[in-house]
Amino acid sequence: MARHYLSEITAEAHLNNLLSAAFLRNLKDEENIDHDPPAWVAIAEALSATSYQKYRDLKQLPGFVAYFHDATPREIETIHIGSRPTHRRKIARIEDLRAIPWVFRWFQSRTIIPGWFGLGSALQAYAQQHAEGLSALRTLYQDWPFFHGVLNNSAIGILQADMPISQHYTTLLKTPSHNRTEVQAIFDAIQAEYALTRAMLLSVINCEHLLSAPETASLQKSIAMKRTYLDPLNYLQVYLLKQYRSQSSAHDQQLQDLYYRAFISSTGGIVAGLGTSG
């Protein structure tokens with residue numbers, strides 16, 4: 001939110017958008033508000049069910065809790081984020097973790113699965129199971145602002161994610177603590193869904209490049225420009241985490257503190273580069 005108020009121009013534009021949206025919503029008569037066509041809602045519900053199941057299947061893969069614990073920066077949980085603890089109890093299941101660290105850690109590792117995982121499978125299943133499935137999905141994208149926004153937001157997540165960088169974070173997983181077969185199966189599932197989601201988004205949006213519309217040109221340029229500075233930060237963060245974790249049992253507390261402070265700085269840099277913590 002703070003980035004919207006770093007300059008007078010962006011602050012004014014952001015406040016105008018917020019106020020105009022609030023005024024438009026409250027000035028409309030509830031009875032005269034256009035409701036979404038039931039057929040469109042039914043398609044969205046079908047997509048949601050398929051995507052949700054795919055998302056749950058990933059979390060139930062053997063070794064997934066350990067994968068998430070070590071292949072994403074768990075040290076973020078030592079930072080005070082929000083007013084509540086990062087987890088409800090000792091983490092034995094993903095459900096024990098609160099939403100903020102779950103999302104934040106996937107964004108830091110450039111995996112960003114909360115933004116897109118499951119969508120590709122849902123779009124593909126609907127397109128294959130209905131005679132005019134792909135055509136219907138394209139119509140929804142063109143004519144339904146809600147659906148248009150959902151797909152565009154997922155496209156941003158796909159563009160910000162980076163599978164080679166995400167895979168580099170798996171080097172934080174040490175054998176024999178982790179079953180390498182399980183680790184590879186988890187990463188392969190993530191990578192396969194990433195490729196499918198990207199392909200299906202391109203098919204539904206019906207273009208050669210994600211976010212190719214003129215109104216998103218500045219966003220595309222921003223993402224491309226930031227990668228030059230953002231990508232090295234991720235590789236640096238992995239190095240810092242390896243050093244910090246290897247010092248956890250050592251006596252040199254001062255050195256460990258230096259690595260921790262550098263890690264915190266890398267976290268802030270990645271947030272700035274992505275434009276969000278999730």
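Remember, predicted model here, so these are calculated numbers, not experimental data.
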Provide the full list of salt bridge (charged side-chain N to carboxylate O under 4.0 Å, His left out) pairs with a residue in [range], sequence neighbours left out, each pair given once.
range: residues 148-166; result: Asp162-Arg227
range: residues 109-119; result: Arg110-Asp231
range: residues 113-138; result: none

Tell me every residue that passes salt bridge (charged side-chain N to carboxylate O under 4.0 Å, His left out) with [X], counting only those two or more places apart in sequence or in another chain.
X: Asp143; answer: none
X: Glu193; answer: none
X: Arg261; answer: none
X: Arg74; answer: Asp70

Please answer: with hydrophobic residues joined when any side-chain heavy atoms are less than 4.5 Å apart, are [X] and [Y] in the same cluster?
X: Leu258; Y: Phe263; answer: no
X: Phe187; Y: Tyr235; answer: yes
X: Leu240; Y: Leu255; answer: yes
X: Met163; Y: Leu196; answer: yes
X: Leu61; Y: Phe117; answer: yes

Once side chain to side chain donor-acceptor pair (under 3.5 Å) is applied, do any residues pair with [X], and if so which ones, sequence neighbours excluded?
X: Asn16; value: none
X: Trp144; value: Asp36
X: Thr171; value: Lys242
X: Gln53; value: Asp57

For residues [X] and [Y], report the shortest heavy-atom separation together with the two atoms involved.
X: Arg245; Y: Thr72; result: NH2-O, 3.4 Å
X: Gln108; Y: Val271; result: NE2-CG2, 3.6 Å
X: Met200; Y: Gly120; result: CG-O, 3.6 Å
X: Lys226; Y: Ala272; result: NZ-O, 3.9 Å

Counting neighbours of [atom1] on [X] that are heavy atoms of other residues, nucleotides or ligands and sit closer than 6.0 Å, is the number greater than 12?
X: Tyr55; atom1: OH; result: yes
X: Tyr52; atom1: OH; result: no
X: Glu8; atom1: CD; result: no

For the residue pair Trp116 and Tyr194, does the interplanar ring angle fall in the parallel (under 30°), tilted (30 to 60°) or perpendicular (over 60°) class? perpendicular

Over 60° means perpendicular and under 30° means parallel, so tell me whether Tyr239 and Tyr259 are parallel, tilted or perpendicular. perpendicular

For Pro62, give me all partners under side chain to side chain contact (heavy atoms under 4.5 Å, CB included), at least two apart in sequence or on another chain. Glu182

